[in-house]
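Below is one structure, written out as structure tokens; comments come after it.
The model shown is predicted, which means the values in this text are computed figures rather than measured ones.
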Amino acid sequence: MGILQLPEQSLNPKPISKREFDDNGDASVVAYNEWLTMHQSALYTFEQMMKIAKKKQIVVFLDYDGTLSPIVNDPEKAFITDKMRSTIHEVAKCFPTAIVTGRARDKAVEFVKLKDLCYAGSHGMHISIPSGFLKSAKPEDQTHIADEQGFINFYAAKKFSYKLKKIKEKLLEKTKGIRGAIVEDNKFCISVHFRCVDDELVDNVKKIVDSVIESYPEFRAGEGKMVMEVRPNIEWNKGHALGYLLNTFGFDAHNDDVLPLYIGDDLTDEDAFKFIKKLGRGFSIVVSSMPKKTDASFSLRDTIEVMDFLTKLTGWRKSSSSD
Ligand SMILES: O=P(O)(O)OC[C@H]1O[C@H](O[C@H]2O[C@H](CO)[C@@H](O)[C@H](O)[C@H]2O)[C@H](O)[C@@H](O)[C@@H]1O
């Protein structure tokens, strides 16, 4: 079965008015509405999507920043609402569910505060699975370690910890004179934020990051939303994390009955969208209120729409299991 493609006449994207868009962003209404026809609203095409999902196993993957919590200036204050938390809780009761984020896994747990789901932190380089979720016991080895909170932890990039610490020290030192720059330790990657840096100094921040990693060829830097992310230069990203988690949940990714559903808003989420595209099955949903280049098939405008979609999803699951 291929990725859901709806015939054009069945599309029912929610167009937005000029007023609404002018208040909100800088792209034109026409461009956004055109973009919506290629990345249809997952809310407005929900029924069609779920026709495909009937009697199949949906596995839910949720990015954190910009997907569950709105983007804010201070990364330490990117909280989710209680309503979003209880929505995620309901989702996790209905489907195997994982939070897949660039944040450190511990930070994601601290924000989400839910136990019965998986967390893939540091862009999937640290995956935590409640031990009860494992179909068969995973032997403890160098990359699978049990912790006191009842999670089994998989580490894809442990050997880079020492050098990351050094990189972080250098970044802190070199950015300390730039007002608004924040260096965030995400355990297996480091974010250097410039959202609150004066426009004319943003390039300086980027140059600092580039100059620091120049002496560390095993690392690379990518750009996210007003942030540079330094990470080990290894073949492991959010897409690999999806494959790993599906497998760990006991699902054969090649089984047509397994449908990964991923919602995310940032560049690193594109790796997960590509994974789903390559699989040829599942639902990839980008969160954006303006046109952007993406491999996702569907879209939602913002975190409010994400919550509405997840609520619909759990409602659908509950009603379809009583069929
Ligand atoms: O994979 P994600 O969960 O989307 O994490 C990506 C980065 O998200 C955070 O930064 C973004 O959100 C901040 C809070 O809203 C915002 O201030 C910042 O400008 C955004 O880039 C997080 O702080 C980063 O470490 C993550 O890499």
Side-chain angles (χ1 to χ4, degrees), residues 57-65 67-68 80 85 88-165 184-190 229 231-232 234-255 257-264 268-269 271-272 275-276 279 282 310:
Q57 176 64 62
I58 292 180
V59 185
V60 178
F61 300 96
L62 303 167
D63 166 52
Y64 186 79
D65 290 281
T67 296
L68 301 176
I80 54 170
R85 182 170 295 104
I88 302 167
H89 197 194
E90 283 307 307
V91 171
K93 283 190 215 160
C94 296
F95 309 97
T97 301
I99 307 292
V100 184
T101 173
R103 299 276 191 164
R105 172 266 189 193
D106 288 0
K107 191 76 199 174
V109 175
E110 188 187 314
F111 275 142
V112 177
K113 294 188 173 59
L114 294 170
K115 274 197 156 178
D116 294 333
L117 67 165
C118 297
Y119 292 87
S122 310
H123 296 298
M125 286 179 278
H126 176 184
I127 300 181
S128 274
I129 300 150
S131 47
F133 278 39
L134 296 173
K135 292 283 173 223
S136 56
K138 278 229 188 278
E140 277 208 56
D141 57 25
Q142 293 226 317
T143 47
H144 292 98
I145 297 165
D147 67 23
E148 285 159 3
Q149 298 152 338
F151 285 100
I152 303 291
N153 296 282
F154 164 74
Y155 298 100
K158 214 164 185 193
K159 67 173 186 181
F160 296 96
S161 295
Y162 178 75
K163 282 194 179 154
L164 268 168
K165 196 167 161 262
E184 184 186 3
D185 185 343
N186 285 331
K187 197 155 171 130
F188 296 106
C189 42
I190 294 166
E229 295 172 309
R231 57 197 284 183
I234 56 171
E235 260 299 290
W236 193 268
N237 55 40
K238 288 183 172 182
H240 295 95
L242 250 65
Y244 177 91
L245 280 161
L246 284 173
N247 193 279
T248 308
F249 284 138
F251 301 123
D252 175 1
H254 301 291
N255 178 342
D257 287 343
V258 177
L259 298 181
L261 184 155
Y262 189 99
I263 312 181
T268 59
D269 299 310
D271 293 320
F275 175 88
I276 291 178
L279 202 63
L310 294 176

Check: Stepwise, does the side-chain contact (heavy atoms from CB on, under 4.5 Å) test hold for T248 with I152?
Finding: CA-CA 11 Å; T248 308; I152 303 291; over 6 Å; no
Margin query: side-chain contact (heavy atoms from CB on, under 4.5 Å), that's the test. Do I276 and Y262 meet it? Break it down for me.
Written below: CA-CA 8 Å; I276 291 178; Y262 189 99; 3.7 Å; yes
Note to self: Let's go through K238 and D269 carefully: what are the C-alpha distance in whole Å and the side-chain angles of both, what is the deciding distance for salt bridge (Lys or Arg N to Asp or Glu O under 4.0 Å) to 0.1 Å, and is it a yes or a no?
What the structure shows: CA-CA 7 Å; K238 288 183 172 182; D269 299 310; 2.8 Å; yes
Note to self: For I127 and L245: C-alpha separation, side-chain torsions, deciding distance, then whether side-chain contact (heavy atoms from CB on, under 4.5 Å) applies.
What the structure shows: CA-CA 8 Å; I127 300 181; L245 280 161; 3.7 Å; yes
Check: Where do V258 and V59 land on the side-chain contact (heavy atoms from CB on, under 4.5 Å) test, with the steps shown first?
Finding: CA-CA 7 Å; V258 177; V59 185; 4.2 Å; yes
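Remark: D185 CG to K165 NZ distance equals 10.5 Å, nearest 0.5 Å. Rounding to the nearest 0.5 Å places CG of L259 at 8.5 Å from CG of L261. One finds the OG1 atom of T268 at 6.5 Å from the CG atom of D63 (value rounded to the nearest 0.5 Å). To the nearest 0.5 angstrom, H254 atom NE2 is 6.0 Å from D252 atom CG.
Of all heavy-atom pairs spanning L164 and C189, the tightest one is CD1-N, 4.0 Å. Of all heavy-atom pairs spanning F151 and P130, the tightest one is CD2-N, 3.5 Å. For the residue pair A157 and I234, the shortest heavy atom distance occurs at CB-CD1, 3.9 Å. Of all heavy-atom pairs spanning A146 and N153, the tightest one is C-ND2, 4.4 Å. The nearest pair of heavy atoms linking D257 to N255 is N-OD1, 2.8 Å.
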Could you list the donor-acceptor pairs under 3.5 angstrom formed between side-chain atoms of residues 91-101 and any protein atom two or more places apart in sequence or on another chain?
unit_1, atom_1, unit_2, atom_2, d
K93, NZ, E90, OE2, 2.9
T97, OG1, F95, O, 2.8
T101, OG1, R103, N, 2.9

Donor-acceptor contacts, no H, no angles, side chain residues 112-119, under 3.5 Å, sequence neighbours left out:
unit_1, atom_1, unit_2, atom_2, d
K113, NZ, E110, O, 3.1
Y119, OH, L114, N, 3.4
Y119, OH, L114, O, 2.5

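With sequence neighbours left out, H123 forms a ring-ring contact (aromatic ring centres under 6.0 Å, His included) with no residue at all. Every residue two or more places apart in sequence or in another chain that forms a ring-ring contact (aromatic ring centres under 6.0 Å, His included) with Y64 is listed here: F111. By the ring-ring contact (aromatic ring centres under 6.0 Å, His included) test, F188 is found to be paired with Y155, residues two or more places apart in sequence or in another chain being considered. When the ring-ring contact (aromatic ring centres under 6.0 Å, His included) test is applied to H89, no partner is found at least two apart in sequence or on another chain.
The aromatic ring centres of F154 and W236 sit less than 6.0 Å apart.
Side-chain N/O atoms of N186 and S122 include no donor and acceptor closer than 3.5 Å.
The only member of L68, V60, L62 that meets side-chain contact (heavy atoms from CB on, under 4.5 Å) when paired with I263 is L62.
Here the side chain of D106 pairs no donor or acceptor atom with the backbone of V109 at under 3.5 angstrom.
With salt bridges taken as basic N to acidic carboxylate O contacts below 4.0 Å, none links K107 and D65.
E235 is listed as a side-chain neighbour of H240, based on a closest heavy-atom distance under 4.5 Å.
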